[in-house]
Amino acid sequence: MTANATISKIRNIGIVAHIDAGKTTTTERILFYTGKAYKLGEVHEGTAVMDWMIQEQERGITITSAATKCHWRDCDINIIDTPGHVDFTAEVERSLRVLDGAVVVFCAVAGVQPQSETVWRQANRYKVPRVAFVNKMDRVGASFERVVQQINERLGHRALPIVMPLGAEDKFIGHVDLITMKAHIWDEESTKKLGAEFKTEAVPAEYLEQAKAARDSMIEAISAYNDEILELFLEEKEVSEDLIRRTVREAAVANKIVPVLCGSAFKNKGVQDLLDSVTYYLPSPLDIPPAIAYKVEDHSEVEIKSDPEAPFAALVFKIATDPHVGKLAYLRIYSGTIESGKVVYNITREGRKERIGRLLQMHANQRQDLPRATAGDIVAAVGLKNIATGDTLACTTDHPTLEKITFPETVISVAIEPRTQGDLARLTEVLEALMNEDPTFKAKIDADTGETLISGMGELHLEVIVDRILREFNVKASVGKPQVAYKEGITSKGKGECVYEKTIGGKNQFAHVILEVEPLERGKGFAFVNGLNNGVLPPVFVAAVEKGCQDSMNDGILAGFPLVDVQVKLVGGMHRETESNDVAFKIAAYEATKNALRNARPVLLEPYMKVEIETPEQYMGDIIGNMNSRRGKVINMEMREDIRIIDCHAPLSDMFGYSTQLRSLSQGRATFTMELLHYDEAPKAVIERILGVFGFNQGHQHMMAGDN
């Protein structure tokens, strides 16, 4: 078999969904039916292969993305099972960055949920082709049609049902394959064999008319992507299975449609057809556009084709610490071939030389040595010393750099204090390792208080991190209460100037900088504009000014929080041939920016969360009243079966401890999910409380009071 034929049989897929939609259970069934696991693991029993961390087994949720490889039909399938909880969204982000396709699991009862929308947007960002699996068809309130409608309306994607369910809730027995027009039925006999075998028979008479209408609807939908099918459809002629499959595949790979299947992973129904669809409709590394890389010297774009004969290039998408082999770097190989023991270069870190000690095929936390890996493979490497998520590894020092992975900002922090001096040294080491593993986890020492602050994506994220520090790494430490990660912004234009003149070591230093600042739209970050004519300042000094401006954004002027959404424009400056240098200009720019920001009506910004609450109707009044008391706003309400869905926006600072209160308000029957919406201006009471906490002078408070 040629190298390209081998790559065409690879499927790199992720299983993504909202929390509790059944991702891990679906993955466990896939491993069982493909022969990778000899028994079925269950999430609720803590025996799932993919949920191997003790924290995952105790909580019954996925925390870290786990990789494995299995074989179905004639394809090798690399699977990454990702978390569904919004606090661990970075795991989904980095997985989708390196995957070629995804299976999105939806709960047949709850349908499209908040985190379903989040992972869908992430998949859109990386243009990942998808197959949808409507799970839990055996549950009370299950509706396949409603989920299909929600994919179309809420997610704005063309859902194409390629199966029709036979029954629902406790009468769900299987489905009709609309391409072959055969019924796949799981009866009592197949249940005894854990669903490994099912009956393929003619469509039951009572469903025949409905199945024919569903097939016609499917063919009409795909006729938009194939003229031959359109012709046959208009002439009311039979369309071959092969032509339908080919067209569905082309449209799915091009992200024009999402094939939709159904089943019940927990009851072992429908997973084999999902596996078939992965091999039929999701792309191989050859079917997707080449990866984009950037030349080191001029940042121009270069395409990296999936070719085993091309120069080696791989992206590090995850770092993990294994107690037996040390640091593991998960790689997606985009081109070329690599063998264990070979030398590679880390392009992201100035071409530093690294040796790959061992190549491993991962199966959750189990490992298997590999002699070599080639384009399209997802493997782990041992022996890389100076490595981080998003680094590019290549066979030469001048290879283009692959596009990095972007991660969301942290919104919550807690103080952690080691018990003894010995624990302090160990804690520093552990925090370094955890930051390397998880790009959304940050640790720093507060300059004012000397406390060690750790920051993450939410309460659960930090709870798991702290649990790992105490139990897995055995560091004795005490932890403070959660704190919100506030930011600062500006609300008007401001001008600032600094003339820097100093004599250091007998040498005069001079720099003169004039800057203007203005607010940007929320979420735009920082922008620098050089408004000077050519020749006014040498380029090296302009670069130093930009660096000084960026540094000034790290600590705000109200309470020392980072500044966001600011544009700085360089409008004037002077230099002297013998006395000016880049350090002087960097310092002058820093001071000029601070002066300009003080004149631009600074404000405190706090994170607002998008909260979705599911509750029985009788508790709705109490829950809405409680949300109002937390400065929350109800945006939308809808009814699904006998459950009310309440969409709210609320400030994070008022949402601490909400899960406990929601349980007591609803006798434990209501649930909620929460994710970051945006940063917005904090009200006067919050500003005064924060400025009071940070002990700032009355002048600041008067300035803020006047501005509000």
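Computed from a predicted model, the values in this text were never measured in an experiment.
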Discussion item. Tell me if a side-chain donor or acceptor on His461 pairs with a main-chain N or O of Ile465 at a distance below 3.5 Å.
Written reply: no

Discussion item. Would the distance check show the side chain of Asn255 and the main-chain N or O of Lys127 forming a donor-acceptor pair, the cut-off being under 3.5 Å?
Written reply: yes

Fill in: For the student: nearest non-hydrogen atoms of Cys262 and Pro165, plus distance
SG-CB, 3.9 Å

Discussion item. Between Asp287 and Ser284 (side chain of the first, backbone of the second, donor and acceptor by atom type, cut-off under 3.5 Å), is there such a pair?
Written reply: yes

Worksheet entry | Expected output: side-chain Asn135 to main-chain Ala265 donor-acceptor under 3.5 Å | yes

Fill in: Exercise: identify the closest heavy-atom pair between Ile613 and Tyr658
CD1-OH, 3.3 Å

Worksheet item: Does atom NZ of Lys256 have more than 12 heavy-atom neighbours from other groups under 6.0 Å away?
Response: no

Worksheet item: Does any donor atom in the side chain of Gln149 or Glu145 lie under 3.5 Å from an acceptor atom in the other side chain?
Response: no

Worksheet item: Is there a donor in the side chain of Gln661 and an acceptor in the side chain of Arg630, or the other way round, less than 3.5 Å apart?
Response: yes

Worksheet item: Is there a side chain to side chain contact (heavy atoms under 4.5 Å, CB included) between Trp120 and Val16 once you walk through the steps?
Response: CA-CA 9 Å; Trp120 199 271; Val16 298; over 6 Å; no

Worksheet item: Under the side-chain hydrogen bond (donor to acceptor under 3.5 Å, both in side chains) criterion, do Arg154 and Ser116 qualify, and how do the steps go?
Response: CA-CA 10 Å; Arg154 285 203 197 178; Ser116 316; over 6 Å; no

Worksheet item: Taking all non-hydrogen atoms of both residues, which atom of Ser653 and which atom of Tyr486 are closest, and how far apart?
Response: CB-OH, 3.6 Å

Fill in: Spatial distance of atom OH (Tyr330) from atom CD1 (Ile319) [nearest 0.5 Å]
10.5 Å

Fill in: Pair Asp76 + Lys9, salt bridge at N-O below 4.0 Å
no

Item to complete: Begin from the C-alpha positions of Asp177 and His184 and carry the test side-chain hydrogen bond (donor to acceptor under 3.5 Å, both in side chains) through to its verdict.
Response: CA-CA 7 Å; Asp177 182 333; His184 294 177; 4.6 Å; no

Fill in: Val248 side chain near Ile257 side chain, heavy-atom distance below 4.5 Å
yes

Worksheet item: Nearest heavy-atom pair of Pro161 and Leu178: which atoms, and what distance?
Response: O-CD1, 3.6 Å

Discussion item. Quick check for you: to the nearest 0.5 Å, what is the distance between Thr68 atom OG1 and Ile79 atom CD1?
Written reply: 6.5 Å

Worksheet item: Would you call the rings of Trp186 and His175 parallel, tilted or perpendicular, where under 30° means parallel and over 60° means perpendicular?
Response: tilted

Worksheet entry | Salt-bridge criterion met for Glu28 and Lys23 (N-O under 4.0 Å) | no

Item to complete: Would you confirm whether Asp377, through its side chain, and Ile333, through its main-chain N or O, come within 3.5 Å as a donor-acceptor pair?
Response: no

Discussion item. Determine whether a donor-acceptor pair (N or O, by modelled atom type, separation under 3.5 Å) exists between the side chain of Asp565 and the backbone of Gly525.
Written reply: yes

Discussion item. I'd like to know if the side chain of Arg97 and the backbone of Glu403 have a donor-acceptor N/O pair within less than 3.5 Å.
Written reply: yes

Worksheet item: Does the cation-pi check pass for Arg245 over Tyr280, that is, NZ or CZ under 6.0 Å from the six-membered ring centre and within 45° of its axis?
Response: yes

Item to complete: Show the numbers, then the answer: is there a side chain to side chain contact (heavy atoms under 4.5 Å, CB included) between Ile646 and Glu614?
Response: CA-CA 7 Å; Ile646 309 168; Glu614 294 187 15; over 6 Å; no

Worksheet item: Would a 4.5 Å heavy-atom cut-off, applied to side chains only, mark Asp273 and Val163 as touching?
Response: no

Practice prompt. Decide yes or no for Ile454 and Lys442: does some side-chain heavy atom of the first lie under 4.5 Å from some side-chain heavy atom of the second?
Written response: no

Discussion item. Could you check whether any side-chain heavy atom of Val260 comes within less than 4.5 Å of a side-chain heavy atom of Phe106, counting everything from C-beta outward?
Written reply: no

Worksheet item: side chain to side chain contact (heavy atoms under 4.5 Å, CB included) between Leu261 and Val134: does it pass, once the steps are laid out?
Response: CA-CA 6 Å; Leu261 296 98; Val134 179; over 6 Å; no

Practice prompt. Please step through salt bridge (Lys or Arg N to Asp or Glu O under 4.0 Å) for the pair Glu220 and Arg215, ending with a clear verdict.
Written response: CA-CA 9 Å; Glu220 186 180 0; Arg215 188 175 200 267; over 6 Å; no

Practice prompt. Any chance you could measure Leu99, atom CG, to Arg11, atom CZ, to the nearest 0.5 Å?
Written response: 13.5 Å

Worksheet, complete the sentence: Taken to the nearest 0.5 Å, the spacing of Ser264 OG from Lys269 NZ works out to 6.5 Å

Fill in: Side chains of Thr279 and Trp72 in contact at under 4.5 Å (non-hydrogen atoms)
yes

Worksheet, complete the sentence: Distance col, row Leu676:CG vs His678:NE2, nearest 0.5 angstrom, shows 8.5 Å

Worksheet entry | Considering all heavy atoms, the nearest Met164-Ala214 contact | SD-CB, 4.4 Å

Discussion item. Looking only at the side chains, is there a donor atom on one of Asn268 and Arg29 sitting less than 3.5 Å from an acceptor on the other?
Written reply: yes

Practice prompt. Look at the side chain of Gln150 and the backbone N and O of Val112, then say whether any donor-acceptor pair between them is shorter than 3.5 Å.
Written response: yes

Practice prompt. Indicate the atoms forming the closest heavy-atom contact of Gly632 with Ala650, along with that distance.
Written response: CA-CB, 3.9 Å

Worksheet item: Should the pair Arg125-Glu93 be classified as a salt bridge under the 4.0 Å nitrogen-to-oxygen rule?
Response: yes

Discussion item. Between Asp680 and Leu605, is there a side-chain heavy-atom distance shorter than 4.5 Å?
Written reply: no

Fill in: Euclidean distance, Ile222 CD1 relative to Ile179 CD1, rounded to 0.5 Å
7.5 Å

Worksheet item: When you check the side-chain N and O atoms of Arg130 and Asn124, is any donor under 3.5 Å from an acceptor?
Response: yes

Worksheet item: Quick one: does Leu155's side chain get under 4.5 Å of Glu117's, heavy atoms only?
Response: yes

Worksheet item: Distance-only, no hydrogens or angles: does the Asn12 side chain make a donor-acceptor pair with backbone N or O of Gly376 under 3.5 Å?
Response: yes

Fill in: Arg332 (side chain) donor-acceptor with Val98 (main chain) under 3.5 angstrom
yes

Worksheet item: Does NZ or CZ of Arg146 fall inside the cone over Phe144's six-membered ring, less than 6.0 Å from its centre and within 45° of the axis?
Response: no

Practice prompt. Determine whether more than 12 heavy atoms belonging to other residues, nucleotides or ligands lie under 6.0 Å from atom CD of Glu638.
Written response: yes

Fill in: Asn152 and His157: CA distance, side-chain angles, deciding distance, side chain to side chain contact (heavy atoms under 4.5 Å, CB included) verdict
CA-CA 5 Å; Asn152 284 321; His157 223 102; over 6 Å; no

